[in-house]
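To start, the structure under review is shown below, and the notes come after it.
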Amino acid sequence: MYLCPKIAFKRSVSFNSFSNLFFRFFQTTLPNQLPNHLNTNNSKLDLPSLDGTSTSQLFQTYTNHLRQCAERKSLAEVKTIHLHMNKSGFPHLSLGNKLIHAYLKCDSIDDARKLFDEMPQRHIVIWNSMISTYIRQKRSREGIHLFEMMVLEGVIADEFTFSSVFKGFADLGLLHEGRKAHGRLLVSGLEVSNVFVGSALVDMYSKFGKMRESRLLFDRIVEKDVVLATALIVGYTQYGEDGEALQVFRDVVIEGIKPNDYTFSSVLIACGNLADMCIGKQIHSLVLKYGFEAAVASRTSLLTMYSKCGLIDDCLKVFDRFANANLVTWTSVIMGLVQNGREESALLMFRQMIQCAISPNAFTLSTALRACSTLAMFVEGKQIHALIMKSGYNTDRFTVAALVDMYGKCGNTEMAISVFSGLELDELDVVSVNSMIYSYAQGGYGIEAVRLYDQMQYFGFEPNDVTYVSVLSACSNAGLLDEGCRIFSSLKSNVRIEPSRDHYACMVDLLGRAGRFEEAEALIAQVKNPDVVLWRTLLGACKIHGKVELGERITSKILEIEPGDEGAHILLTNIYASAGHWNEVTKMKIIMKEMKLKKSPAMSWIEIDKNVHTFMAGDLSHPRAIEIDKELESLNEKIKVMGYLPDTSFVLQDLNEKEKERSLNYHSEKLTIAFGLLSSRKKTTCIRIFKNLRVCGDCHTWIKFVSKVVGREIIARDAKRFHQFKDGLCSCGDYW
DNA sequence: CTAGGGTTAG
């Protein structure tokens with residue numbers, strides 16, 4: 001059927017002067033034999049025998065076949081035709097173009113490039129097609145390289161060229177190069193007369209955050225359209241000028257430009273960023289009016305808008321109307337749930353999504369991890385870690401930061417370290433380092449946190465405001481006063497960061513607990529509008545140091561700012577109680593009763609086999625209360641032998657010694673631990689409990705003894721940090 | 001025969 005190469009050569013030499021070159025061109029780009037998988041004997045391809053077929057007939061046949069194959073996007077068929085040309089030695093410049101376009105239609109830009117490179121003359125259309133395909137396929141480097149080659153060869157770029165290259169410059173982050181191309185465009189006079197070119201340019205400047213230049217260009221373009229307007233709107237939303245984005249939207253709609261689903265999704269993002277549910281709802285009704293509710297992207301932004309406005313139920317309603325949600329939509333709704341404090345539902349959704357055979361990506365996984373962190377769900381978190389390892393997202397920096405954060409919040413500093421240290425230096429970023437520092441902080445590893453903070457700067461990472469909060473709270477948790485002061489002064493000399501209340505709060509805590517009240521107060525005086533949190537922190541220090549008068553003074557300051565402040569009342573009551581001023585305690589209780597302020601009751605909880613068991617202080621309502629009581633009794637007997645003495649000074653009620661001891665015995669954390677020990681007798685499992693308030697001093701000592709006597713690791717997360725009890729010692733070093 | 005804008009993150 002096919003001609004032998006010799007005959008093909010003979011035929012080819014009889015063509016025009018390019019023929020020799022073209023013969024080589026076709027011969028070299030493809031092997032003579034197609035690989036088996038491509039050599040499908042497709043019946044649709046009916047290639048002519050070359051004997052007795054005229055050149056013009058061949059040309060027609062090839063042209064038709066190429067057009068059809070390109071429409072079918074059948075790469076194999078295009079290759080078969082290409083091979084047939086090779087065998088027949090049929091070369092033709094315009095067929096070279098058609099062949100390249102056929103390859104491009106079949107998404108095989110590399111095959112197209114091979115042909116392109118060997119062409120002696122290239123039409124501007126071919127240049128444009130190659131360049132735009134590269135850039136569309138995210139191979140901007142090659143696209144821009146071709147553009148530069150084109151310029152060097154003296155080919156004049158036209159409106160088609162310009163409308164694709166700017167996206168390439170934006171992708172590669174080459175602002176300067178993009179500007180140079182813009183200069184070339186100015187010479188050509190196409191800048192504002194062609195809306196395709198104009199919107200590409202507006203898009204590029206928007207992506208570089210050059211919103212002023214974007215806006216000036218936009219205003220100069222004569223015939224505006226919806227794509228141009230969307231490019232500008234998107235730019236504004238991405239650089240935090242959401243109000244401006246909405247204004248542009250209003251303006252163009254008034255001018256008669258019809259928004260489409262692309263426009264709506266960006267406008268809805270603006271509403272979400274502004275958390276403006278009023279405008280958001282209005283835009284929603286416009287979406288309905290224009291009939292775009294079914295378009296997937298605008299529905300995703302629609303539900304994100306609702307979740308960012310705090311209307312999580314409306315967000316779920318939108319989601320329920322999705323027939324088959326895609327990964328992005330699922331991820332958005334899971335994210336919405338997490339952001340609105342519905343972590344359990346978020347994890348439920350996450351599981352549902354997997355059941356729908358949709359594989360989570362890095363976005364989904366890090367969101368699910370955030371839900372686990374907030375709830376300190378260690379077991380779930382570990383399962384998601386396994387998913388991450390399986391799906392290969394373990395080098396994604398968002399995901400890794402979320403993993404470190406999850407382990408940190410679950411009190412497993414070792415795992416946080418292990419995940420973090422698995423990162424190569426070039427995979428690190430400020431956020432993952434921050435997560436690690438904060439994990440150290442929660443675990444009470446102050447020295448390690450400070451060391452990592454010093455190291456990160458050695459490796460050229462610029463600390464940000466979160467870094468300072470993390471490292472300062474590490475110092476405050478570990479009582480590292482000198483280090484704290486050093487870091488705080490470095491923060492103050494850092495011109496890029498304005499110290500926030502959080503930073504001050506750490507320092508006030510550190511100074512206050514060290515008993516340096518004057519310095520702490522002087523620090524608060526430096527804050528422009530000191531809020532109650534700062535004063536409350538200092539009030540907490542007063543409690544530790546038994547500073548009754550200072551406590552009273554600070555309380556009145558707090559009540560000036562926030563008359564009904566619950567925390568201040570409770571703290572002052574506690575200060576009076578620990579100083580034994582029972583009359584004052586009674587007065588405070590009456591005041592609080594009159595003001596209808598209620599102390600949030602202490603409670604602890606533990607998760608056993610996916611069930612959460614909650615205990616209040618003195619709470620004997622648990623079904624296994626009798627066993628728990630017995631367990632407590634036996635524990636107390638054992639540890640008293642070892643030297644445990646109940647410290648009744650922590651009982652803040654006016655009771656006699658015996659009653660005090662009894663009250664102490666039924667603190668929620670003790671009940672929870674006794675129950676935990678009852679429920680899991682395996683020595684290697686560690687007991688993990690949570691408490692809504694800070695752990696009390698007597699309980700802290702008690703747990704240390706218990707960890708030794710039962711030979712088990714006990715981890716307690718209180719309102720502020722983790723305590724890891726092991727062999728009679730606690731990771732906090734008794735400073736908390 | 002070729003061209004421009006959008007959906008999820010700490």
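So you know, we letter chains A, B, ... as the sequences are listed, proteins then strands, and number each from 1.
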Applying side chain to side chain donor-acceptor pair (under 3.5 Å), can you list everything that pairs with [X], at least two apart in sequence or on another chain?
X: A/S470; result: none
X: A/N464; result: A/N434, A/T467
X: A/S108; result: A/D111

Hey, does [X] reach any base, or is it just sugar-phosphate, or nothing, if we go heavy atoms under 4.0 Å?
X: A/D429; result: base
X: A/V431; result: base
X: A/T161; result: nothing
X: A/N434; result: nothing
X: A/T329; result: nothing
X: A/S332; result: sugar-phosphate
X: A/I131; result: nothing

What are the residues of [range], sorted by number, that bring a heavy atom to within less than 4.0 Å of DNA chain B?
range: residues 185-201 of chain A; result: A/N194, A/V195, A/F196, A/S199
range: residues 132-147 of chain A; result: A/S132, A/R136
range: residues 293-303 of chain A; result: A/A297, A/S298, A/T300

With [X], which residues qualify under salt bridge (charged side-chain N to carboxylate O under 4.0 Å, His left out), at least two apart?
X: A/D242; result: none
X: A/R67; result: none
X: A/E427; result: none
X: A/E191; result: A/R220

Exercise. Going 5' to 3' along DNA chain B, which nucleotides are the first and last within contact of chain A (any atom under 4.0 Å from a heavy atom)?
Worked result: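 Nucleotide range in contact with chain A: B/dC1 to B/dG10.
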
Problem set entry | Under the ring pair (Phe, Tyr, Trp, His ring centres under 6.0 Å) test, residues paired with A/Y453 that sit two or more places apart |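 Result, ring pair (Phe, Tyr, Trp, His ring centres under 6.0 Å) vs A/Y453: A/Y468.
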
Exercise. Taking the six-membered ring for Trp, are A/F166 and A/F162 parallel (under 30°), tilted (30 to 60°) or perpendicular (over 60°)?
Worked result: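 Parallel: the ring planes of A/F166 and A/F162 meet at under 30°.
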
For this session: Take the angle between the ring planes of A/F147 and A/F169 and call it parallel below 30°, perpendicular above 60°, tilted in between.
Result: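 Judged by the thresholds at 30° and 60°, the geometry between A/F147 and A/F169 is perpendicular.
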
For this session: Output the distance between atom OG (A/S366) and atom CG (A/D396), rounded to the nearest 0.5 Å.
Result: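 A/S366 atom OG to A/D396 atom CG measures 6.5 Å (nearest 0.5 Å).
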
Exercise. OG1 of A/T304 to CZ of A/F319: how many Å apart, nearest 0.5 Å?
Worked result: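 Interatomic distance, A/T304 OG1 to A/F319 CZ, rounded to 0.5 Å: 11.5 Å.
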
Exercise. So among A/V195, A/V252, A/T263, which one has a side chain to side chain contact (heavy atoms under 4.5 Å, CB included) with A/V226?
Worked result: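 Of A/V195, A/V252, A/T263, side chain to side chain contact (heavy atoms under 4.5 Å, CB included) with A/V226 is met by A/T263 alone.
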
